[in-house]
Amino acid sequence: MTEERHVLVIFPHPDDETFSSAGTIANYINQGVPVTYACLTLGQMGRNLGNPPFATRESLPEVREKELEDACKVIGITDLRKMGMRDKTVEFEPHDYIDNMVKSLIEETNPSLIISFYPGYAVHPDHEATADAVIRTVERMPQEKRPRLTLVAFSNDAAEHLGEPDIQNDISQYKDMKIKAFEAHASQTGTFLKQLASPEFNGQQHSFLSVEPFWTYHFKS
């Protein structure tokens with residue numbers, strides 16, 4: 001991985017960071033690179049309540065906030081920003097509001113690298129809205145001051161349209177850590193962890209626990 005001045009991670013939900021980039025983030029932290037994680041919502045509308053259920057619709061926001069904090073401790077993130085937006089409404093926020101939020105984070109942290117979602121290939125409307133805000137905001141910056149963007153594409157046709165990932169970080173040494181971060185997000189990941197542990201999911205185990213892929217984003221100007 002390239003030496004970085006500061007890494008700014010921007011995702012809309014608790015657990016986005018674990019699924020996509022926990023090993024990559026931990027590696028930067030272990031190198032001594034400052035990492036700021038801006039989590040836009042607390043995942044208040046998450047469809048899962050635990051397996052078996054242990055949360056309720058009323059308690060889920062507090063449960064997921066604690067899970068986010070616990071997962072960040074596992075990964076090593078000490079600069080966690082909870083941005084106070086509501087789950088499943090990010091796509092409806094005025095562009096000025098969310099873009100200014102991203103701009104303020106960039107101005108404060110002065111990152112050399114931003115990790116977020118790739119627009120058009122992020123599946124969930126909140127993911128897409130977050131990706132669009134990052135792109136719009138960075139595109140307005142002078143070229144020489146723009147941080148690099150390494151972005152997560154979850155869509156099944158990402159490789160078909162974007163090509164193979166530009167970056168495939170080997171995170172095998174962080175496998176146990178990533179599993180613990182998944183476990184921290186217990187309300188959402190119980191079923192997934194059971195699947196991941198089954199022999200039928202060997203390929204998925206490799207995908208989630210050994211390699212984290214990213215695509216770089218290139219502006220036209």
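As the structure is a computational prediction, the values presented were derived from the model and not from experiment. Each residue takes its place number in the sequence, starting with 1.
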Would you please classify the geometry between the Phe182 ring and the Phe19 ring as parallel, tilted or perpendicular, with 30° and 60° separating the classes? perpendicular
Within the structure provided, determine whether Thr24 and Ile171 are in side-chain contact (heavy-atom separation under 4.5 Å). yes
Taking the six-membered ring of Tyr37 (Phe, Tyr or Trp), confirm whether the NZ or CZ of Arg81 is under 6.0 Å from its centre and within 45° of its axis. no
Checking side-chain polar atoms at under 3.5 Å, does His185 have a donor or acceptor matched by the opposite partner on Ser187? no
Hey, any chance Tyr217 and Leu162 share a hydrophobic cluster, counting ILVMFWY side chains that come within less than 4.5 Å of each other, even indirectly? yes
Side chains of Leu149 and Val138: closer than 4.5 Å at any heavy-atom pair? yes
Determine whether a donor-acceptor pair (N or O, by modelled atom type, separation under 3.5 Å) exists between the side chain of Thr89 and the backbone of Arg86. yes
Going by heavy atoms in the side chains, are Arg64 and Leu68 under 4.5 Å from each other? no
Does any N or O in the side chain of Asp166 come within less than 3.5 Å of the main-chain N or O of Thr216, such that one atom is a donor and the other an acceptor? yes
Could you go step by step and tell me if Thr36 and Val9 meet the side-chain contact (heavy atoms from CB on, under 4.5 Å) rule? CA-CA 6 Å; Thr36 297; Val9 181; over 6 Å; no
Run the numbers on Leu105 and Leu8 for side-chain contact (heavy atoms from CB on, under 4.5 Å), then give the verdict. CA-CA 8 Å; Leu105 288 164; Leu8 175 59; 4.0 Å; yes
Counting N and O atoms only, with roles assigned by atom type, does the side chain of Arg148 sit under 3.5 Å from a partner on the main chain of Leu113, one being a donor and the other an acceptor? no
Any side-chain heavy-atom pair from Pro14 and Cys39 closer than 4.5 angstrom? yes
Assess the residue pair Asn169 and Asn27 against the criterion (side-chain contact (heavy atoms from CB on, under 4.5 Å)); give the C-alpha distance rounded to whole Å, side-chain angles, the decisive distance to 0.1 Å, and a yes or no. CA-CA 10 Å; Asn169 289 331; Asn27 192 59; over 6 Å; no
Is it true that Lys180 and Asp176 make a salt bridge, defined as a side-chain N closer than 4.0 Å to a carboxylate O? no
Correct closest heavy-atom pair for Glu91 and Lys88 would be OE2-O, 4.5 Å
Using the rule that Ile, Leu, Val, Met, Phe, Trp and Tyr join whenever any side-chain heavy atoms are under 4.5 Å apart, tell me whether Phe11 and Val102 fall into a single cluster. no
Donor-acceptor check, side chain of Glu17 to backbone of Asp15, threshold 3.5 angstrom: yes or no? yes
Would you check if Met141 and Pro147 make a side-chain contact, meaning some heavy-atom pair closer than 4.5 Å? yes
Could you walk me through whether Tyr174 and Ile75 pass the side-chain contact (heavy atoms from CB on, under 4.5 Å) check? CA-CA 9 Å; Tyr174 297 104; Ile75 297 167; over 6 Å; no
Are Val134 and Phe154 linked, directly or through intermediate hydrophobic residues, by side-chain heavy-atom contacts shorter than 4.5 Å (ILVMFWY only)? no
Do Leu40 and Tyr97 belong together in a cluster built from hydrophobic side chains that touch within less than 4.5 Å? yes
Output a table of donor-acceptor pairs, distance under 3.5 Å, between side-chain atoms of residues 115-124 and any protein atom two or more places apart or on a different chain; print 'none' if there are none.
unit_1	atom_1	unit_2	atom_2	d
Ser116	OG	Ile10	O	2.7
His124	ND1	Asp126	N	2.9

Would Ser20 and Glu212 count as having a side-chain donor-acceptor pair, cut-off 3.5 Å? no
Starting from Met83, can I reach Leu42 by hopping between I/L/V/M/F/W/Y residues whose side chains sit under 4.5 Å apart? no
Listed by chain and number, what are the side chain to side chain donor-acceptor pair (under 3.5 Å) partners of Asp16, not counting sequence neighbours? His13, His127
Taking the side chain as everything from C-beta on, heavy atoms only, tell me whether Ile106 gets closer than 4.5 Å to Thr137. yes
Between Ser112 and His6, a side-chain donor and acceptor under 3.5 Å: no
Output yes when a side-chain donor or acceptor of Gln168 lies under 3.5 Å from a complementary backbone atom of Val211, and no otherwise. no
Between Met85 and Glu93, which heavy-atom pair has the shortest distance, and what is it? CE-CG, 3.1 Å
Residue pair Ile135 / Phe219, side-chain heavy-atom distance below 4.5 Å: yes
Can you tell if the side chain of Thr189 reaches within under 4.5 Å of the side chain of Thr18, non-hydrogen atoms only? no
Count the heavy atoms of every other residue, nucleotide or ligand shown that sit under 6.0 Å from CG of Asn156, and state whether that count exceeds 12. no
If the threshold is 4.0 Å, N to carboxylate O, is there a salt bridge linking Glu139 and Arg146? no
Could you tell me whether Lys82 and Glu69 make a salt bridge, using a distance below 4.0 angstrom between a side-chain N and a carboxylate O? yes
Would you compute the distance between atom CG of Asp132 and atom CD1 of Ile98 and round it to the nearest 0.5 angstrom? 9.0 Å
